[in-house]
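Remarks on the structure that follows.
Everything numeric here is computed off the predicted structure, so don't read it as measured data.
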Amino acid sequence: MKNFILRITPGFLVCVIISYLSQKIGEFFPTIGAALFAIGIGVICGNTFLNKHCFDEGTSFSERSLLEYSIVLTGATLMLKDIAALGFSGIFFILFQMTATIFISYIIGRKIGFNKKFCLLMGAGNAVCGSSAIATVSPILDANTKDKGLSITIVNVTGTILMVLLPIITGILYHHETIHTSAMIGGILQSIGQVIASGQLVNFEVTEVSTIFKIIRIIFIVLVALAYSHANTEHEEKHLFTREKNKKDSKIKARIPWFITGFFIMACLHTFNFIPEVLSKGAKTVSQQFEIIALAAIGMRVKFSDLISEGPKGMIYGLAVGSCQIIIAIILIAIFI
C-alpha cells in the first residue's frame with residue numbers, strides 16, 4: 001500500500017495543481033469554465049515538460065479511480081425518478097445507438113482491410129465504454145495483444161476529439177437543451193471520463209444526465225459480450241455468425257462495474273431520505289472536485305505521439321466511425337427523444 005501511494009503521488013499532485021489553477025482561471029472566464037482549462041493545461045503539460053513516466057501511475061489513478069468515486073457520489077445527488085425519467089425511449093435510443101455503432105464499426109473496418117476481431121473490438125469500444133469494454137470482450141474473441149492495444153488507442157483518440165466537438169455540435173443543433181444534449185454526449189462518447197468532461201463543457205445538469213445515459217450503456221456490456229460469444233472470428237472469409245462445428249463455447253465474464261452498483265445504491269438511499277440534504281450537497285461538491293482533477297489527468301494522458309504513431313489508416317477508421325455515430329445519434333434522437 002505504501003509503495004502504491006508513493007507511485008501515484010507525483011502524478012496525482014500534478015493533477016490536483018492543474019485542477020486548482022484551472023478553477024482559478026475559470027473564475028475569470030466563466031463562459032469557458034474550469035473543465036476546458038483543466039483538459040487544455042493537462043494536454044500542454046503532458047506533452048511538454050511533464051511528459052515523464054513517473055507521472056503515469058498517478059494520472060491513471062486520477063483519471064480512472066477518481067471518476068469512479070465521483071460517479072458513486074453523483075448517485076447521492078440524484079433520485080430514482082431522475083434516472084427513470086429517461087424512460088423506455090431513452091433505453092431504446094441507447095440500444096439502437098449501440099447496435100448501429102457495432103454494425104458500422106464492423107462494416108467500415110472490414111472495408112478498410114482490418115480483421116474481424118479488430119473490427120469487433122472497435123465496435124465494443126465505441127459502443128459501450130472504451131478501453132474497459134475492449135478489455136472485457138478481448139478474451140471472448142481471443143484477440144491478440146496488438147489488436148487490443150491498437151483498438152484502445154484509436155478509440156481513446158477518437159473519443160478525445162469528440163469530447164470537445166460534441167458540445168459545439170449540440171450547441172448548434174439543440175442549443176444545449178438538457179435531454180437532447182445529454183443523449184448525444186452520453187450516447188456517443190467512448191469512456192465515462194470523456195462523457196463527464198464533455199458534459200462539464202456545457203453545464204452540471206448535462207453532466208448528470210449524460211452520465212445516466214452512459215451508465216445504461218455500460219450495463220449493456222453484458223449483452224454485447226453475449227452476442228460476441230456467438231461470433232465466428234477464426235475464418236475471415238466466412239459469415240460473422242456462421243456456427244462452427246466442434247467450436248467450444250466461450251466463457252462469458254462480463255460483470256457490472258462496482259461503481260455502477262454504488263451509483264444505484266446511493267441513488268436509492270437518497271430517494272428514501274437516508275442521505276441528509278447537507279450530505280448530498282457535500283457529495284456534489286466533492287464529486288465536482290474529483291471530476292476536475294480527473295479531467296486534468298485525461299488531458300495529461302492525451303499524447304500527440306499516439307496520434308502520429310497510428311498513421312492515417314487507423315485514424316481514418318476512428319474518425320469515420322465517430323462521424324457515423326454522430327449522424328446516427330441525430331437521427332435516433334429525432335425518433336426517440
**Prompt:** Are Ile83 and Phe272 co-members of a hydrophobic cluster defined by side-chain heavy atoms under 4.5 Å apart?
**Reply:** yes
**Message:** Parallel, tilted or perpendicular: which one describes the rings of Phe4 and Phe61, with boundaries at 30° and 60°?
**Reply:** perpendicular
**Request:** Look at the side-chain heavy atoms of Ile, Leu, Val, Met, Phe, Trp and Tyr, link any pair under 4.5 Å apart, and say whether Ile39 and Leu21 land in one connected group.
**Result:** no
**Message:** Do Lys24 and Phe37 form a cation-pi contact, if we require the NZ or CZ to be under 6.0 Å from the six-membered ring centre and within 45 degrees of the ring's axis?
**Reply:** no
**Message:** Whether the side chain of Thr101 engages the backbone of Ala127 through a donor-acceptor N/O pair (distance < 3.5 Å, no angle test) should be reported.
**Reply:** no
**Request:** Please check if the side chain of His176 supplies one atom and the backbone of Val202 the other of a donor-acceptor pair under 3.5 Å.
**Result:** no
**Message:** Closer than 3.5 angstrom, by distance alone: can the side chain of Ser229 be matched with the main-chain N or O of Leu226 as a donor-acceptor pair?
**Reply:** yes
**Complete:** In this structure, CG of Leu150 is separated from OG1 of Thr145 (nearest 0.5 Å) by 12.5 Å
**Asked** Are any side-chain N or O atoms of His270 and backbone N or O atoms of Leu78, one a donor and one an acceptor, separated by less than 3.5 Å?
**Response** yes
**Asked** Take atom CZ in Phe92; do more than 12 heavy atoms of anything else shown fall under 6.0 Å from it?
**Response** no
**Prompt:** Looking only at atom types and distance, does a side-chain atom of Tyr228 sit under 3.5 Å from a main-chain N or O of Ser138, one as donor and one as acceptor?
**Reply:** no
**Message:** Is the distance from the ring center of Phe336 to that of Phe96 below 6.0 Å?
**Reply:** yes
**Message:** Quick one, Gln200 with Gln288, criterion side chain to side chain donor-acceptor pair (under 3.5 Å). Give me CA distance, side-chain angles, the key distance, then yes/no.
**Reply:** CA-CA 9 Å; Gln200 285 277 7; Gln288 289 175 323; over 6 Å; no
**Request:** Quick one: closest heavy-atom pair of Phe213 and Ile179, and the distance?
**Result:** CE1-O, 4.2 Å
**Prompt:** In terms of hydrophobic clusters joined by side-chain contacts under 4.5 Å, are Met266 and Val286 together?
**Reply:** yes
**Complete:** When rounded to the nearest 0.5 Å, the distance separating SG of Cys15 from CD1 of Ile41 is 12.0 Å
**Partner residues of Glu208 under the salt bridge (charged side-chain N to carboxylate O under 4.0 Å, His left out) criterion, sequence neighbours left out** = none
**Item:** Where Ser105 and Asn126 come nearest, the two heavy atoms and their spacing
**Value:** OG-ND2, 4.1 Å
**Prompt:** What do the steps show when you test Ser280 against Thr77 for side chain to side chain donor-acceptor pair (under 3.5 Å), and what is the final call?
**Reply:** CA-CA 5 Å; Ser280 178; Thr77 69; 5.6 Å; no
**Prompt:** Can you list every salt bridge (Lys or Arg N to Asp or Glu O under 4.0 Å) pair that touches residues 39-60, not counting sequence neighbours?
**Reply:** Arg7-Glu57
**Request:** Any chance you could measure Leu165, atom CG, to Thr158, atom OG1, to the nearest 0.5 Å?
**Result:** 11.5 Å
**Request:** For Ile71 and Phe263, work out which heavy atoms get closest and say how close.
**Result:** O-CD1, 3.2 Å
**Request:** Scan residues 177-193 for pairs that pass salt bridge (Lys or Arg N to Asp or Glu O under 4.0 Å), counting only residues two or more places apart or in two chains.
**Result:** none
**Request:** Would you check if Met300 and Leu50 make a side-chain contact, meaning some heavy-atom pair closer than 4.5 Å?
**Result:** yes
**Leu36 side chain near Phe29 side chain, heavy-atom distance below 4.5 Å** = no
**Message:** Between Ser70 and Glu291, is the side chain to side chain donor-acceptor pair (under 3.5 Å) condition met? List the steps.
**Reply:** CA-CA 7 Å; Ser70 173; Glu291 286 173 6; 3.2 Å; yes
**Asked** Okay, side chain of Ser22, backbone of Ala38: is any donor-acceptor separation there less than 3.5 Å?
**Response** yes
**Request:** Determine yes or no for a side-chain-to-main-chain donor-acceptor pair under 3.5 angstrom, with Ser198 supplying the side chain and Met163 the backbone.
**Result:** yes
**Prompt:** Are Gln325 and Gln97 close enough that a side-chain donor and a side-chain acceptor fall under 3.5 Å?
**Reply:** no
**Complete:** d(Leu332 CG, Ile94 CD1) to nearest 0.5 Å is 9.5 Å
**Asked** To the nearest 0.5 Å, what is the distance between NZ (Lys117) and NZ (Lys146)?
**Response** 14.0 Å
**From Thr207, Leu73, Val72, Ile196, residue fulfilling side-chain contact (heavy atoms from CB on, under 4.5 Å) relative to Ser287** = Leu73
**Request:** Please name the pair of heavy atoms, one in Arg217 and one in Leu189, separated by the smallest distance, quoted to 0.1 Å.
**Result:** NH1-O, 2.8 Å
**Item:** Atom of Thr136, atom of Pro139 and distance for their closest heavy-atom approach
**Value:** O-CD, 3.4 Å
**Item:** Evaluation steps, ring pair (Phe, Tyr, Trp, His ring centres under 6.0 Å), between Phe114 and Tyr317
**Value:** CA-CA 10 Å; Phe114 289 107; Tyr317 185 16; 5.1 Å; yes
**Item:** Side chains of His175 and Thr181 in contact at under 4.5 Å (non-hydrogen atoms)
**Value:** no
**Prompt:** Rounded to the nearest 0.5 Å, what separation is found between the CD1 atom of Ile298 and the CG atom of Leu67?
**Reply:** 5.5 Å
**Prompt:** So, Lys214 side chain and Val209 main chain: donor-acceptor pair closer than 3.5 Å or not?
**Reply:** no
**Message:** Tell me whether Ser62 contacts the main-chain N or O of Ala297 through its side chain, where contact means a donor paired with an acceptor under 3.5 Å.
**Reply:** no
**Prompt:** Going through the distances and angles, do Gln289 and Thr285 end up as a side chain to side chain donor-acceptor pair (under 3.5 Å)?
**Reply:** CA-CA 6 Å; Gln289 291 301 313; Thr285 300; over 6 Å; no
**Fill in**
On a heavy-atom basis, the closest approach of Leu80 and Ala267 is CD2-CB, 4.1 Å
**Request:** Would you check if Pro167 and Met184 make a side-chain contact, meaning some heavy-atom pair closer than 4.5 Å?
**Result:** no
